[in-house]
Peer 1: 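Attaching a single structure in structure tokens format; questions to follow.
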Number of protein chains: 2
Amino acid sequence: MDDKFKLENQLCFRLYTASRLLTQAYHPLLGEHGLTYPQYLVLLVLWEKDEQPVNDIAKRLLLETNTVTPLLKRMEAEDIVTRSKGQEDARQMIVKLTKKGRGLQKKLTDVPETVGNAVICESVTPETVPGLFVMLDDIIKQLKQ
Amino acid sequence: MDDKFKLENQLCFRLYTASRLLTQAYHPLLGEHGLTYPQYLVLLVLWEKDEQPVNDIAKRLLLETNTVTPLLKRMEAEDIVTRSKGQEDARQMIVKLTKKGRGLQKKLTDVPETVGNAVICESVTPETVPGLFVMLDDIIKQLKQ
DNA sequence: TATATTTGCATCGTGAACGATATAAATAAC
DNA sequence: GTTATTTATATCGTTCACGATGCAAATATA
């Protein structure tokens, strides 16, 4: 009885574990450059579009500003980004890549492929990944409300 | 150029986000009983088999003991589990459910279904979830080494 | 049996996550 | 134009995660 409580029947535990383990796979690659995985996510956002307010970065990553603000301060301390008051709206804090922050893109050029290769296995291949993306995107969309 | 750095092409970001959002979905249901999601996972493990050493619980959840130990201490403080030195091996710390810990199973009986329903959507249905489980299990197995 | 190694757990420090709350600037309502 | 509300960000407290390290009990080795 109570198979519903079995760990093997839990979607959330699988997501939680897969997320942690895959983040761990990034660790040696990013740590070499003094980065954490959430900091790497901020870089992905800024590499796509530089000079964004805190709020835009947080929304893109589906995080709260109270998570992102301290993270950005650490990145500022490491000279990866600058933070400066917005011109038109003084409430905003505009985050901008430094030369070092932009330069990290080249240094991390092999990271996506390295990590991508690490997860390739029986049921997870270039052919099946798009289907996995659809399901995860649906779950995220659903839970965002 | 550099589509490989686009957030939309990242498996890890999807897992990370889906995991966080699904954990958030548990929050109101568990918080009502003073539980966090990782504490709920410990309960799932102990409900399956009571009286386990810290190490067995940690291994089951693929966590380190330095994560699990403080978590168990909080659960002990909340009178959900007891922790006592092992008889045959004095290094072990045996974790056992209290009456309250066992009783929580009945109180949380609706949680799996409630959360399960919350993720049902277009591409995630009782028919497609098993396929998703296979892929996530493969990823976990692969990353465990 | 004395010493070395392994094992199980704990402590410490750092960096997320996140709920709750605070503050100042911008905007809306009166 | 003054007051009320919303918005953008920050601060605070608690709980994970997790690498690094410490310590005592158990086991292996000499």
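Everything numeric in this text was worked out from a predicted model, so none of it was measured.
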Peer 1: Identify whether any heavy atom of A:Asn66 sits under 4.0 Å from a base atom; if not, whether one sits that close to sugar-phosphate; answer base, sugar-phosphate or nothing.
Peer 2: base
Peer 1: Could you tell me how far apart B:Glu78 (CD) and D:dT15 (C1') are, to the nearest whole angstrom?
Peer 2: 12 Å
Peer 1: Between B:Thr67 and B:Lys85, who's closer to the 5' end of DNA chain D by nearest nucleotide?
Peer 2: B:Thr67
Peer 1: Any idea which of C:dC9, D:dC18, D:dT9 is nearest the A:Pro53 side chain?
Peer 2: D:dT9
Peer 1: Considering only side-chain heavy atoms of A:Arg20, which listed nucleotide, C:dA16, D:dA10, D:dC18, is closest?
Peer 2: D:dC18
Peer 1: What's the closest nucleotide to the B:Thr36 side chain, out of C:dA16, D:dC16, D:dA10?
Peer 2: D:dC16
Peer 1: On DNA chain C, nearest-nucleotide positions of A:Leu71 versus B:Asp89: which is more 5'?
Peer 2: B:Asp89
Peer 1: Does A:Phe133 belong to the same Ile/Leu/Val/Met/Phe/Trp/Tyr cluster as A:Leu143, with side-chain heavy atoms less than 4.5 Å apart forming each link?
Peer 2: yes
Peer 1: Can you check whether any acceptor in the base of C:dT7 is under 3.5 Å from a donor in the side chain of B:Arg91, or vice versa?
Peer 2: yes
Peer 1: What nucleotide among D:dC16, D:dC18, C:dC18 has an atom nearest to a side-chain atom of B:Leu63?
Peer 2: D:dC18
Peer 1: What I'd like to find out is whether the side chain of B:Leu61 reaches to under 4.5 Å of the side chain of A:Phe13, using heavy atoms alone.
Peer 2: yes
Peer 1: Is the closest basic N to carboxylate O distance between A:Arg60 and B:Glu8 below 4.0 Å?
Peer 2: yes
Peer 1: Given D:dA26, C:dC18, D:dA10, identify the nucleotide with an atom nearest to the side chain of B:Ala90.
Peer 2: D:dA26
Peer 1: Between D:dG19, D:dC18, D:dA10, which one does the side chain of A:Thr65 approach most closely?
Peer 2: D:dA10
Peer 1: Checking all strands, does A:Lys73 fall into the base, sugar-phosphate, or nothing category for heavy-atom contacts under 4.0 angstrom?
Peer 2: sugar-phosphate
Peer 1: Just so I know, are the side chains of A:Leu136 and A:Leu132 near enough to count as touching, which here means a heavy-atom distance under 4.5 Å?
Peer 2: yes
Peer 1: Does a nitrogen or oxygen in the side chain of A:Arg83 sit under 4.0 Å from OP1 or OP2 of D:dT9?
Peer 2: no
Peer 1: Is the phosphate of C:dA17 approached by B:Gln24 (side-chain N or O, under 4.0 Å from OP1 or OP2)?
Peer 2: no
Peer 1: What integer distance in Å separates A:Asn55:CG from C:dA25:P?
Peer 2: 17 Å
Peer 1: Report yes if a side-chain nitrogen or oxygen of B:Tyr16 is closer than 4.0 Å to either non-bridging phosphate oxygen (OP1 or OP2) of C:dA17; otherwise report no.
Peer 2: yes
Peer 1: How close or far is atom C1' of C:dG8 from atom CZ of B:Arg60, stated in whole angstroms?
Peer 2: 20 Å
Peer 1: Salt-bridge test for A:Arg14 and B:Asp137: reply yes if a basic N is under 4.0 Å from a carboxylate O, no otherwise.
Peer 2: yes
Peer 1: Rounding to a whole Å, what distance do you find between B:Leu22:CG and C:dC18:P?
Peer 2: 12 Å
Peer 1: Would you say the side chain of B:Leu104 lies within less than 4.5 Å of the side chain of B:Trp47, judging by non-hydrogen atoms?
Peer 2: yes
Peer 1: What nucleotide among C:dA16, D:dA10, D:dT15 has an atom nearest to a side-chain atom of A:Met93?
Peer 2: D:dA10
Peer 1: Return no unless some side-chain N or O of B:Gln92 is found under 4.0 Å from OP1 or OP2 of C:dT7.
Peer 2: no
Peer 1: Students often get this wrong, so: under 4.0 angstrom with heavy atoms, is B:Glu64 touching a base, only sugar-phosphate, or nothing?
Peer 2: nothing
